[in-house]
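See below for the structure under consideration.
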Amino acid sequence: MSRSAATLVGFTAILMWALLALMTAASGAVPPFQLAAMTFFIGGLIGAATWPFRKGAMASLRQGWPVWLVGVGGLFGYHFVYFSAIRAAPPVEVSLIAYLWPLFLVLFSALLPGERIRPHHVLGVVLGLLGAVVIITGGRGLSIFSGIGTGQLLAFGCPLIWSGYSVLSRRFGDVSTDVVAGFCLVTACLAALCHVAFETTVWPQDGLQWAAILGLGLLPVGAAFYSWDYGVKHGDIMVLGAASYASPLLSTLVLVSTGFAPLTWPVVIACLLITLGAVIAAKDMLFKRSSAT
């Protein structure tokens, strides 16, 4: 598969993450760690279900501890820090800080062999960041911050963990994506332990809530991680970083189209900023494709 095709595979993860807010909202009052345990278990199962049909798939689990540390540390570490931050700070502030990860991803990826950060990568990711600020704050800007406290400090762990996980995954490019199923299953177990320690169990109340949890496990907390793993290992990681800002925008558009949120001018402005940023960051890939055509 070509580098451009692998980048497109990675982009499907961004599309699936756009469904995260809608499906989470539809899942009812299930506590965060319980929800993570349930959905990561489903996500791990969809990967493990393919092992018997592909030679060597299960053998991919035999990896050294650095691979497991990066994989489980990325998936579980991000969600543990995020949920902890949400408990200690306003969610909109946590979301803003967490969405620094595409910027860090572009910057950190410049340290990878064969990668080189260029001005249009930086411009694209900054435009995307501005769009994310607009979409998350509703156009109110950074004035919403109430100060730096424990929750905000914890939130800064989110972009560092996820960008670090994505870049380090590239360093393990020869490791099969099949191992992601193992990461998900271990993450589910750790999330279940956190649920028992910190939360009270609340089960879904109807079929719609169960369907939302199943959908989360199949797509945003399942297939998306397999697509992202393949994309960052074999695609253009800087383009994926800039394009990742489409996720909060697409998530808002999904909520608008389903009646969960109104269409406002900040949404339109964010759409323009994020789209422009993604196109600028991907200009090398787009130019090569058009030349080949």
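Owing to the predicted nature of the structure, the values given are computational and were not obtained by experimental measurement.
- Residues W17 and S251 bring no donor and acceptor atom of their side chains to less than 3.5 Å of each other.
- At a cut-off of 3.5 Å, with distance as the only test, a side-chain donor of T177 or D229 sits close to an acceptor on the other residue.
- Using a 4.5 Å heavy-atom cutoff, the side chains of S166 and W228 are in contact.
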inquiry  = Using side-chain contact (heavy atoms from CB on, under 4.5 Å), reason through Q209 and D206 one step at a time and then give a plain yes or no.
reply    = CA-CA 6 Å; Q209 293 181 7; D206 53 39; 3.3 Å; yes
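- Two residues are said to be in side-chain contact when any heavy atoms from C-beta on lie closer than 4.5 Å; P32 and E199 meet this criterion.
- Here the side chains of Q34 and W203 are in contact, with some heavy-atom distance below 4.5 Å.
- S27 approaches L35 most closely through the heavy-atom pair OG-CD2, 4.0 Å.
- In this structure, S60 OG and W51 CH2 are separated by 6.5 Å, a value rounded to the nearest 0.5 Å.
- Between A192 and A37 the shortest heavy-atom distance is N-CB, 3.7 Å.
- Formation of a donor-acceptor pair under 3.5 Å by the H234 side chain with backbone atoms of G231 is not found in this model.
- Using a 4.5 Å cut-off between side-chain heavy atoms of Ile, Leu, Val, Met, Phe, Trp and Tyr, with links allowed through other members, L253 and L19 fall into the same hydrophobic cluster.
- F108 CZ: more than 12 foreign heavy atoms inside a 6.0 Å radius.
- Linking ILVMFWY side-chain heavy atoms closer than 4.5 Å, directly or via other members, places L272 and L130 in two distinct hydrophobic clusters.
- Taking the six-membered ring for Trp and thresholds of 30 and 60 degrees, F225 and H79 have ring planes more than 60 degrees apart, a perpendicular arrangement.
- The shortest side-chain heavy-atom distance between M23 and P220 falls under the 4.5 Å cut-off.
- Under 4.0 Å is where a charged nitrogen must lie from a carboxylate oxygen, and between E115 and R3 at least one such pair does.
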With side-chain contact (heavy atoms from CB on, under 4.5 Å) as the test, would you mind laying out the steps for V70 and R171 before giving the verdict?
CA-CA 11 Å; V70 169; R171 298 301 299 266; over 6 Å; no
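- Residues C184 and F41 have side chains not in contact (no heavy-atom distance under 4.5 Å, counting atoms from C-beta outward).
- Between the OG atom in S109 and the CZ atom in F104 there is a gap of 13.0 Å [rounded to 0.5 Å].
- The shortest side-chain heavy-atom distance between F40 and L185 does not fall under the 4.5 Å cut-off.
- Y226 and Y230 fall into different hydrophobic clusters, where Ile, Leu, Val, Met, Phe, Trp and Tyr are joined by side-chain heavy atoms under 4.5 Å apart, directly or via other members.
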task = Could you walk me through whether F11 and V239 pass side-chain contact (heavy atoms from CB on, under 4.5 Å), step by step?
result = CA-CA 9 Å; F11 186 72; V239 171; over 6 Å; no
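- Shown here for G151 and A88, the closest heavy-atom pair between the two residues is CA-CB, 3.6 Å.
- Taking all atoms of both residues into account, the shortest heavy-atom contact from L22 to L255 is CA-CD2, 3.9 Å.
- Note: Y165 and Y78 fail the aromatic proximity criterion, with ring centroids not under 6.0 Å apart.
- The shortest heavy-atom contact between V221 and L20 is CG2-CD1, 4.3 Å.
- Summarising the geometry, atom NE2 belonging to H195 is positioned 14.5 Å from atom CG belonging to L190; distances are rounded to the nearest 0.5 Å.
- For the pair K233 and D174, the salt-bridge criterion is not met [side-chain N within less than 4.0 Å of a carboxylate O].
- Rounding to the nearest 0.5 angstrom, the gap separating the CZ atom in F33 from the OG1 atom in T201 is 13.5 Å.
- Interatomic distance, L45 CG to L218 CG, rounded to the nearest 0.5 Å: 10.0 Å.
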Kindly determine whether L75 and W162 satisfy side-chain contact (heavy atoms from CB on, under 4.5 Å), including the steps that lead there.
CA-CA 8 Å; L75 297 185; W162 192 254; 3.7 Å; yes
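- Both F198 and M38 belong to a single network of hydrophobic side chains, linked directly or stepwise wherever heavy atoms of I, L, V, M, F, W or Y lie under 4.5 Å apart.
- The OG1 atom of T7 lies 5.5 Å from the CG atom of L240; values are rounded to the nearest 0.5 Å.
- In plain terms, the two heavy atoms of L154 and A85 that are nearest each other are CB-CB, 3.9 Å.
- Following chains of ILVMFWY side-chain contacts shorter than 4.5 Å, one can reach F83 starting from W101, so the two form part of one hydrophobic cluster.
- Less than 6.0 angstrom separates the ring centroid of F183 from the ring centroid of W68.
- When side chains are defined from C-beta on, Y99 does not count as touching P159, because their heavy atoms never get closer than 4.5 Å.
- By the 4.5 Å heavy-atom criterion applied to side chains, V179 and F172 are not counted as neighbours.
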